[in-house]
Amino acid sequence: MAGENADSSDGTVGKALSVLDAVASFGRPVRFGELLADSPYPKATLYRLVQVLTKQSMLTYDPDRQTYAPGLRLVRLAHAAWQTTSLAPVARPYLEALSAEVGETIHLAQLDGGSVLYVDKINASDPLQMYSQAGKVAPCYCTGVGKAMIAFLPEDQLQPILRQQSYHAFTAHTYSDADALREELAAIAERGHAYDREEHEPGIICVAVPIRTRAGRVLGAVSVTSSTERTSLAGLDAHLPRIRSAVSSIAGEAQDWRFPDAAE
């Protein structure tokens, strides 16, 4: 049973967290049988983990529907993490002002290992249908915010992230390998901002600017996102001064409050 020791290096905690991830990934209450169908763990192991998580209020169980969902304890933990480690509370007023100025969808993202975590999103007055939502994870190599962040990482941090990318071709514009992506990252580092040229979703484009401390540490990124039906990359470029102003304000406040650089 290879699945039984798939997380052996992390032990029971790693297995329990993977079960929480699995429940959350459904985006709705889920039956045990559905979890079991996709689980690497034997039925008895999965059942034991689910019961422990439910007892600890990390999962909640609906006896009428016989379904599991993320529990209120997770909500409390998530709120605490959002308040103390996320840029969202700092950035929110600046994102709202930016949204009002440009009239397009605004994203705030941070790095989560080798992926992008959307920590806030403000929809345009005429919202677009797209993948991104606060709390969702996306790849670095084909998103504007992801490329904007990793383009400014030191080489020792960039290399492992590039190795973690799948380079799956979501569209005809997606970068297919690390070498091609590296060329793009060099261009981003030179000009100071990144684009999503329909690389993750057809018809969806964006321009993104990294949020960095005075010492150059990457805290996150802000993007203005639209569609090819509504505008063009040149049209998004017109918003760069406003994006950079918002990013500068966010970086300044975050630097002094939550993300001080030890070296400074």
Side-chain angles (χ1 to χ4, degrees), residues 1-86 88 109-119 121 130-143 145-146 149-150 157-171 174-178 181 200-201:
M1 294 185 180
E4 174 67 12
N5 54 26
D7 301 88
S8 58
S9 63
D10 294 325
T12 302
V13 172
K15 294 174 184 176
L17 290 174
S18 72
V19 172
L20 287 175
D21 282 340
V23 173
S25 70
F26 279 84
R28 57 171 175 78
V30 58
R31 289 177 175 269
F32 181 81
E34 294 177 286
L35 279 176
L36 183 61
D38 290 334
S39 176
Y41 307 123
K43 182 177 181 179
T45 300
L46 180 63
Y47 183 78
R48 185 183 77 250
L49 291 168
V50 165
Q51 292 307 302
V52 170
L53 290 168
T54 303
K55 184 177 180 180
Q56 293 297 320
S57 300
M58 303 296 275
L59 292 178
T60 183
Y61 179 67
D62 184 333
D64 295 327
R65 296 183 175 84
Q66 297 185 331
T67 56
Y68 294 91
L72 289 178
R73 188 174 182 182
L74 270 183
V75 174
R76 291 195 299 270
L77 291 172
H79 181 70
W82 188 84
Q83 286 286 345
T84 58
T85 64
S86 167
Q110 292 178 254
L111 284 175
D112 182 12
S115 301
V116 165
L117 174 64
Y118 292 102
V119 294
K121 176 181 180 179
M130 65 181 86
Y131 168 85
S132 59
Q133 296 293 336
K136 281 199 170 184
V137 175
C140 285
Y141 69 97
C142 58
T143 53
V145 285
M149 289 186 284
I150 66 175
Q157 295 179 32
L158 176 61
Q159 281 189 7
I161 287 178
L162 293 182
R163 288 195 295 268
Q164 292 177 55
Q165 305 309 304
S166 67
Y167 300 105
H168 168 74
F170 289 95
T171 75
T174 307
Y175 286 100
S176 60
D177 59 63
L181 178 59
H200 192 211
E201 298 177 82

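The first residue in the sequence is number 1, and the count goes up from there.
- K15 and L49 get closest at one heavy-atom pair: CB-CD1, 3.8 Å.
- When side chains are defined from C-beta on, F32 counts as touching L46, because their heavy atoms get closer than 4.5 Å.
- Ring-plane geometry between Y141 and Y167 is classed as tilted, the angle between the planes lying from 30 to 60 degrees on a 0 to 90 degree scale.
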- For side-chain contact (heavy atoms from CB on, under 4.5 Å), just list the numbers for D38 and F26, CA-CA rounded to whole Å, side-chain angles, deciding distance to a tenth of an Å, and then say yes or no. CA-CA 11 Å; D38 290 334; F26 279 84; 4.0 Å; yes
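- Atom OG1 of T67 sits about 9.5 Å away from atom CZ of R28, to the nearest 0.5 Å.
- The main-chain N or O of P139 is found under 3.5 Å from a side-chain atom of T143 such that the two form a donor-acceptor pair.
- Separating the CD atom in Q165 from the CG atom in D177 is a distance of 12.5 Å, to the nearest 0.5 Å.
- Relative orientation of the F170 and H200 rings is perpendicular, given thresholds of 30° and 60° on the angle between their planes.
- Between the side chain of D112 and the backbone N or O of S115 there is no donor-acceptor pair closer than 3.5 Å.
- I161 and C140 make their closest contact through CG2-SG, 4.4 Å (heavy atoms, listed as atom of the first residue, atom of the second, distance).
- Shortest non-hydrogen contact noted between P70 and T60 is O-CG2, 3.7 Å.
- The side-chain heavy atoms of V145 and Y118, taken from C-beta on, include a pair separated by under 4.5 Å.
- Considering every non-hydrogen atom in both L36 and P42, the closest pair reads CD1-C, 4.4 Å.
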- Query: Please walk me through it: do Y41 and V19 pass side-chain contact (heavy atoms from CB on, under 4.5 Å)?
  - Reply: CA-CA 10 Å; Y41 307 123; V19 172; 4.2 Å; yes
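- A heavy-atom distance below 4.5 Å is found between the side chains of L181 and L162.
- Between the OH atom of Y61 and the CD atom of Q51 there is a distance of 8.5 Å, given to the nearest 0.5 Å.
- E34 places a side-chain N or O within 3.5 Å of a backbone atom of R31 that can act as its donor or acceptor partner.
- To the nearest 0.5 angstrom, K121 atom NZ is 8.5 Å from K136 atom NZ.
- The distance from atom CD of Q56 to atom CG of L74, rounded to the nearest 0.5 Å, is 11.5 Å.
- Residues L35 and A22 come closest through the heavy atom pair CD2-CB, 3.9 Å.
- Here Y175 pairs with nothing under the ring-ring contact (aromatic ring centres under 6.0 Å, His included) rule; sequence neighbours left out.
- Of all the heavy atoms in A109 and V116, the pair that sits closest is CB-CG1, 3.6 Å.
- We find the CG-CD1 distance between L111 and I150 to be 7.5 Å, quoted to the nearest 0.5 Å.
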